[in-house]
Structures are given as C-alpha cells and as structure tokens.
Amino acid sequence: MNGKHLVKLGLEKKAIALAQTAATTRETAGLTRDDILNELRAVQQNPAAYTAGGVYAPLAAELLAQQAILDARKGSELRPAPLPYPTWGADLIDPGAHRQMDVAMRLPVSRAGALMPDAHVGYGLPIGGVLATENAVIPYGVGVDIGCSMMLSILPIQPGALRTDEAGTLLLKHTRFGAGVAFEKRDRQDHEVLHESTWDDQPILQHLYDKAATQIGTSGSGNHFAEFGTLTLPHADLGLDPGEYLALLTHSGSRGFGAQVAGHFTALAERHHPTLAPEAKKLAWLPLDHEDGQAYWQAMNLAGRYALANHHLIHARLARALNVTPLAQVSNSHNLAWKQQVGDLELIVHRKGATPATHGQLGLIPGSMADPGFVVRGLGHEGALHSASHGAGRQLGRKAATSTLNKKDVQAYLTGRGVTLIGGGIDEAPQAYKRIEDVIARQTDLVDVIASFQPRVVRMDTGSEDI
DNA sequence: ATGTTC
C-alpha cells in the first residue's frame, strides 16, 4: 500500500500511519489493495462501528477523536460580529468594558445582552454586564464571587439614637472581615443552608462544606462592607411610614466556598472549549443539558443561597445585639445567573454586577463608603433583560486608585459627609467610583428610587493601602 | 473576590 492512496482518502498524518499499519496487516492476510481501500473507506464513513476491536480499531479511535475536535471547534466559533445590545449611561462607560461585552455578544450561545451604567472591565464578562445565553451557563459570566449580594435591615431606632462609637463597637464585635477569616468556634452560627442535602451531591461541594460552615456569617474583603446609616423614606412604602430610620446595609458574598466553586467550573468550562478564541477564553461555557452544566447550576445556586445566609446571620447578630427586630428587610443577589423567559425562548440570564429589576422587584444599589445607596423598585425593562446597575461602578482600577489618591483626600471626603470608617483601603476610596447620582440618573427607565441610605459608620476589610 | 493558585 502506497501512502499516496491514503492521502487521497483525505486522512491526516497520524491517521495515515495507523491506516498504513492496518493495511499492511490486511495485505499479509491476502487482501488486494482495492479491497483494503474499500475497507478503509467504510471505517472512515462510520468509525464508531470499528472501535470495539479488530485491525481498524486504532484508526477508528483516531478518526473519532479528530472529528470531536472539529465539532468542538465548530461549536466554539465566535460570530464574525457581535449581536447588538443596548447600553445605559454610555458616557460613563470605559471602551474596555464595551470591548469585553462585544466579545461576549460574539459567543455562539449568546442571544441578548445589555450593559448597565456602572459597567467597567472585569474578568471575562464586564462588571455591569448582562448576558442571555441559550442552553449554556458561563462561570465567568457570573463571576468569582458567586451570589455576591446586598441586604438592608430597617430598624425600629431613630438614626440619632445609636452613637457613632456604639455603632463602631457593634460592627467590630459582630462582623468579621478579611480574606480567609472565619468566626471563632464559640461564636459560630448555624443556618439551614448548611443542612441541605445538596452538599452531598457533588465531591467538590462535600470538599468545601467545612470551609463554608466555618466562614458562614462573615463579610470577606475587597468592596464588601457592613455599615450603619440613615435611611430616608420620602413616601410610605415597604410597609413603613415615611421618615428617617436607622438601617444596616451589608455587601457580602459566598466567600472561599463560592470562589473555589467558580475556579473549579471555570477550568472545567475551558476544557469543554479547547479551541475557543483566546479573547473569549474567560467566557467558556458549560452546556446546561450536560452533567457538567447541571453540576455548575446546582453549585452556583447553593453558593447564592449561602451568600444570602451570610447576610442573614450578620443582620441577625447585630439586630440581637441592639435588642431589636427589623421593621423590614430587602436583599438581592447581583452576581448570579437565572432562567428567564426572553421572547419565545427560555434563556440563561447572567448578571455579573447587575441588580435584578423585574417589574415591582426590590433591589439595593450602593454608592460608595461615603455616598448614598438606594432602595429601588424594578420597572421590568425588556431591553435591559429586567436589570439595573449593582452600584456606582469603578472609574479607577485598584492600582490606579492606589497611585492617584492619598489618605488625606479620602479623609476629607469622609469628614465632609460625616462618615466614620473602620478599616478600608485607598483602592475603595469614594473617588475611585463613579458618581452614584450620575449612574442612577442614567437608569430611570430601569428602576424607581424609593428610598436613600446615607452611610454613617462603615466597616470594611483593611486594604493593602490603609486610609 | 479569594488566602497566597499550576
């Protein structure tokens, strides 16, 4: 058998070598060249029928592997141009965030998207990005801090009745900040989320259970915070009379548990798409009709419930210390994916730093450590995929903030607004964020503002560059 | 965002 005959069959290098070996065996068995070429064509047409054994099994396996790569490449190909998507507050958004969103809208699984006015560059999908996909979930479309969320408790206390030093003492005693931190054993609290059978369903969840159990009720680091402030409710709402209330606002996530879930499934998604274009590598997805997609979906939702449980424990601890029961509570996740009907399709809507804003849905949009946050009610805007911003959004990256701003500037800003800060880093300075008033003004068709919250005593993690 | 990454 001449190699040329095999090239003519359209075989590639490795397959040619395997075909040559098989052909030699068949020639020894007395078959003619034409007989062998016919057999080879049959193997080519249906390699799966030959993998069980026999002289053609190695060739058949190689052909199947090649086909799988081709199929994967075909299924991972980006569209030549991004699908169009609406942007809110384009004048506030860095071109880099648009570039990232453009890549996301070129994914073959993408169907719709939107950019919120707090958008800025992140890993994979931009922060403030909303992306709807079909039968696919993108771990980096949710983000590292799965289930990152906000919670507000409105307390039956006059804003002036809690002194600044008392508020600071409470926050220091009843919250825990920092990467890797957990509550001391005697202070550890239980929550029903830790008793779910879900933890037994996957090895990774079993593995992370102990970490989750020790860290529950903690706040973490980065932009996470716990703060007392003054809630101003101009009109009767939330079952409350108009007026001013002492309130507790927290920003926290799924801690080490969620971060490790995110890392695990991002790596898995990348293995699903080995031929994905480099610019879209961090947007690798998992098919939802595949066990890996189902596993992520389960773990993601558990991390979402766990993050909200964190908030509930933080609020319960502080409310108990104050000997009060909250008058009302509002909470929302802003790093998560949801199944959502979009037109005729049920899509997977990823919100990575975006507040769900279905018609009538309550949400929380914080400003910065010294700027007001807002309680909002969604207007269910279809084009925004029922979403709004999740905050003010960065205008300076962490490095830029650290090199541009100094302690004095930040202290002056805090003093000017009567804010007392415990912990905090320069990279979280109010000046590192967009003006929340501008961001809110760009999304009046997405949410109604129903109350504002002015921070008074704020606790954050100690940054690398303290304030 | 996370403890400190293959």
Notebook entry, point to check: Which residues pass the side-chain hydrogen bond (donor to acceptor under 3.5 Å, both in side chains) test with Asp118(A), sequence neighbours left out?
Noted result: His390(A)

Notebook entry, point to check: In whole Å, what is the span from the CD atom of Glu270(A) to the C1' atom of dC6(B)?
Noted result: 13 Å

Check: Does a sphere of radius 6.0 Å around NE2 in His359(A) hold more than 12 heavy atoms from other residues, nucleotides or ligands, not counting ones at 6.0 Å or beyond?
Finding: no

Next item on the list: Take the protein atom CZ of Arg271(A) and the nucleotide atom P of dC6(B), then report the distance between them rounded to whole Å.
Entry: 15 Å

Item checked: Below 4.0 Å: OP1/OP2 of dA1(B) and any side-chain N or O of Asn223(A) -> yes

Item checked: Residue list, side-chain hydrogen bond (donor to acceptor under 3.5 Å, both in side chains) with Arg186(A), at least two apart or on another chain -> none

Margin query: Using the side-chain hydrogen bond (donor to acceptor under 3.5 Å, both in side chains) criterion, which residues pair with Glu196(A)? Sequence neighbours excluded.
Written below: Thr198(A), Arg305(A)

Next item on the list: Mind checking salt bridge (Lys or Arg N to Asp or Glu O under 4.0 Å) for Glu62(A) and listing every partner two or more places apart, or none if nothing turns up?
Entry: Lys14(A)

Notebook entry, point to check: So which pairs with a foot in residues 434-467 of chain A pass ring-ring contact (aromatic ring centres under 6.0 Å, His included), sequence neighbours left out?
Noted result: none

Under 3.5 Å, which N/O atoms of the protein pair with N/O atoms of nucleotides 2-4 of chain B?
from, atom 1, to, atom 2, distance (Å)
dT2(B), OP1, Arg255(A), NH1, 2.7
dT2(B), OP2, Ser221(A), N, 2.5
dT2(B), OP2, Ser221(A), OG, 2.4
dG3(B), OP1, Lys211(A), NZ, 2.9
dG3(B), OP2, Gly180(A), N, 3.2
dG3(B), OP2, Gln215(A), NE2, 3.3
dG3(B), OP2, Arg255(A), NH1, 3.3
dG3(B), O5', Gly180(A), N, 3.0
dG3(B), N1, Ala179(A), O, 3.2
dG3(B), N2, Ala179(A), O, 3.1
dG3(B), N3, Ala179(A), O, 3.3

Item checked: Rounded distance in Å - NE2 (His120(A)) to C1' (dA1(B)) -> 12 Å

Next item on the list: Grab the CE-P distance between Met150(A) and dA1(B) for me, whole Å please.
Entry: 12 Å

